[in-house]
Protein chains: 2
Amino acid sequence: MRIAILGFGSVGRGIAQIIAEKNLGLTITAIADSKSGCMDSTGIDPLEIIKRKEDTGLCGEKGITAEYIIQNAEYDALVEVTPTNAETAEPSLGYIRLALSEGRHVVTSNKGPIALNYNELKELAEENGICLKFEATVCGAIPIIQTLQYGLAGNRVKKLYGIFNGTCNYILTRMADEKLTYKEALLEARELGYAEADPTYDVEGIDAAIKLVILANTIFGINKRLEDVEITGINSLTSQALELAEEDELTIRLIGEINNEKGTLKVSPRVIPKDHTLVVHDTLNAVTIDTDLAGEITLIGKGAGSIETASAIISDLLFISNCHDRGP
Amino acid sequence: MRIAILGFGSVGRGIAQIIAEKNLGLTITAIADSKSGCMDSTGIDPLEIIKRKEDTGLCGEKGITAEYIIQNAEYDALVEVTPTNAETAEPSLGYIRLALSEGRHVVTSNKGPIALNYNELKELAEENGICLKFEATVCGAIPIIQTLQYGLAGNRVKKLYGIFNGTCNYILTRMADEKLTYKEALLEARELGYAEADPTYDVEGIDAAIKLVILANTIFGINKRLEDVEITGINSLTSQALELAEEDELTIRLIGEINNEKGTLKVSPRVIPKDHTLVVHDTLNAVTIDTDLAGEITLIGKGAGSIETASAIISDLLFISNCHDRGP
């Protein structure tokens with residue numbers, strides 16, 4: 001399968017590196033970053049372009065744009081991993097629309113277009129008989145979308161709840177284990193690169209809420225927007241609350257929950273037993289899927305990171321390459 | 001997709017019930033139990049046959065055999081859930097061979113044929129351009145095969161380890177929590193239906209070892225037999241060993257492990273921290289997959305039970321129905 005990669009930051013380069021190292025049946029025929037692009041229908045040497053990018057800051061020639069590549073390169077699937085504005089979903093949204101209209105499969109790691117415009121994009125993919133895949137948008141390397149769509153196919157999901165934000169989980173772990181204040185733990189998370197300079201999206205629960213919206217719309221078909229999620233973050237949580245919980249063998253975690261029977265979405269700090277399956281440590285994510293046939297299935301793993309995101313993208317590409325037929 | 005079901009015990013009836021209740025695009029056209037069978041190319045009413053089986057002990061007419069159905073019914077996929085001898089893999093093995101030779105997809109819950117004859121059966125499936133699926137053979141409702149084949153596609157699995165036997169996990173949980181002796185806990189497990197009258201297969205670690213052999217041969221391609229697994233069961237574990245562990249915030253679990261780098265398979269009781277992800281309670285199963293890209297991914301859920309087994313069978317059927325093309 002021939003691949004075009006849009007966005008050549010750490011995730012895009014990670015994907016190129018994996019394709020170079022592993023014999024996966026994937027050939028890169030085009031790459032674009034924000035300033036340049038390169039195309040070769042016979043296949044590009046990924047390691048050469050990675051080196052060029054590191055040496056010059058560009059992956060190809062100036063003037064070759066993402067749009068040009070989408071419309072002119074020879075490829076079967078677009079990997080869309082551009083830096084994208086989460087509120088407008090651009091430029092990602094435009095790229096995905098264009099590639100789907102051209103009849104190409106799309107795999108993206110960008111939450112915005114999936115959270116905001118899934119129904120439109122899904123229709124466009126169906127009209128063109130191709131796939132739109134987005135495993136990397138929720139819980140990083142954990143194959144949560146795949147599990148819901150295929151592994152638990154035939155099950156009705158009653159509820160789905162868990163830890164969708166590694167930054168908050170790190171902060172809460174450190175507050176509990178080391179008796180740090182919220183501010184001290186946040187500072188530590190920033191120093192370790194787990195929190196952004198502006199941590200609002202994470203600590204106010206917005207990032208977790210967006211992931212719930214993606215699952216609600218793509219898997220449960222219950223058409224929700226960010227405004228529909230009842231959100232409480234961890235930013236006003238006191239050390240005292242955690243200490244009180246710990247005295248009774250309890251702890252606090254930021255839990256996102258979709259109640260599929262009531263059609264409600266909620267993100268809030270919850271007090272749970274310390275030996276609960278969802279009490280994972282540091283930056284891990286964990287999700288429990290409560291179903292009618294399989295009972296409760298829990299998935300735990302790394303929810304962020306470039307190589308983990310690349311892993312999810314690669315699994316989506318291989319799924320399309322091996323299984324695309326009548327399936328979604 | 002048209003389905004023929006062989007074996008109409010609790011799993012077979014569970015599958016029929018689910019197909020009756022849910023609109024999954026699956027039609028049952030044939031059913032056989034050990035003494036009788038029924039066929040209707042326009043579709044059988046599953047609830048009628050379930051009632052007939054409960055009333056008369058038979059699902060259809062005497063004289064209609066499983067072999068006859070495999071060769072004469074109109075169906076796309078065979079669901080093979082017969083009671084089968086684990087050592088010879090019969091009659092399951094013969095049924096699967098016959099159906100694959102007839103060019104029909106096969107979904108089975110029987111460990112024997114997959115542990116003993118996977119390579120032969122896989123070749124037969126490939127020759128005929130059809131699927132052989134077996135999610136239900138390992139960890140019940142947990143989609144472990146699906147996750148390894150698709151969710152983590154592109155990853156190299158370095159190690160895979162976890163709790164593959166719910167009976168042993170129940171016994172160890174009760175010994176630790178209630179200070180029961182091994183014999184007391186086993187008796188309790190039997191009374192609750194978690195252990196067989198002859199618990200040898202479970203407590204000596206053989207059941208867990210067979211599951212490792214299945215994963216080793218089907219996913220890792222490292223051609224192993226039961227004799228290749230280093231096995232220690234829990235049957236000679238003392239209460240004292242557990243008490244000593246508990247004093248240091250540790251506990252004991254029966255862990256099965258595939259080391260894919262060394263090519264070794266091992267089942268043994270291990271001392272692990274009480275807050276370790278794999279310390280699940282009662283009859284739960286839990287598996288950690290240690291990979292090169294996604295890091296460690298853990299799956300936890302119910303590893304046994306008729307409805308859980310039916311759930312895995314249904315997900316396999318839907319996968320074939322939606323995704324069969326070039327994929328396995």
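In this text, all values refer to a predicted model and were calculated from it rather than measured experimentally. A note on names: the letters A, B, ... follow the listed sequences, proteins ahead of strands, and every chain is numbered from 1.
For the set G295(A), A312(A), A286(A), A153(A), the entry with the most heavy-atom pairs within less than 4.5 Å of chain B is A153(A). Between chain A and the options I307(B), D316(B), I314(B), heavy-atom pairs under 4.5 Å are most frequent for I307(B). Highest contact tally toward chain B, considering only L284(A), I297(A), T288(A), is held by I297(A) [criterion: heavy-atom pairs under 4.5 Å]. The candidate with the highest count of non-hydrogen atom pairs below 4.5 Å against chain A, out of G154(B), G14(B), A310(B), G305(B), is G154(B).
Of residues 138-147 of chain B, those residues with a non-hydrogen atom less than 4.5 Å from any non-hydrogen atom of chain A are, in numerical order, A141(B), I142(B), P143(B), Q146(B), T147(B).
For the atom pair NZ (K302(A)) and CG (L293(B)), the distance works out to 11.0 Å, reported to the nearest 0.5 Å.
Only the side chain of L24(B) comes within contact range of chain A, judged by heavy atoms closer than 4.5 Å. Within the 4.5 angstrom heavy-atom criterion, only backbone atoms of E296(A) (N, CA, C, O) approach chain B. When heavy atoms are compared at a cutoff of 4.5 Å, I18(B) approaches chain A solely by way of its side chain, counted from C-beta outward. With a 4.5 angstrom heavy-atom cutoff, L318(B) touches chain A only via side-chain atoms.
Across all non-hydrogen atoms, the minimal contact from S311(B) to A294(A) is OG-CB, 3.6 Å.
Counting only residues at least two apart or on different chains, the salt bridge (Lys or Arg N to Asp or Glu O under 4.0 Å) pairs with a member in residues 273-293 of chain B are K22(A)-D292(B), E246(B)-K274(B). Sorted by first and then second residue, the salt bridge (Lys or Arg N to Asp or Glu O under 4.0 Å) pairs involving residues 142-170 of chain A (not counting sequence neighbours) are R156(A)-E261(A).
Under the side-chain contact (heavy atoms from CB on, under 4.5 Å) criterion, I255(A) pairs with Y161(A), I163(A), R253(A), R270(A), I272(A), L278(A), sequence neighbours left out.
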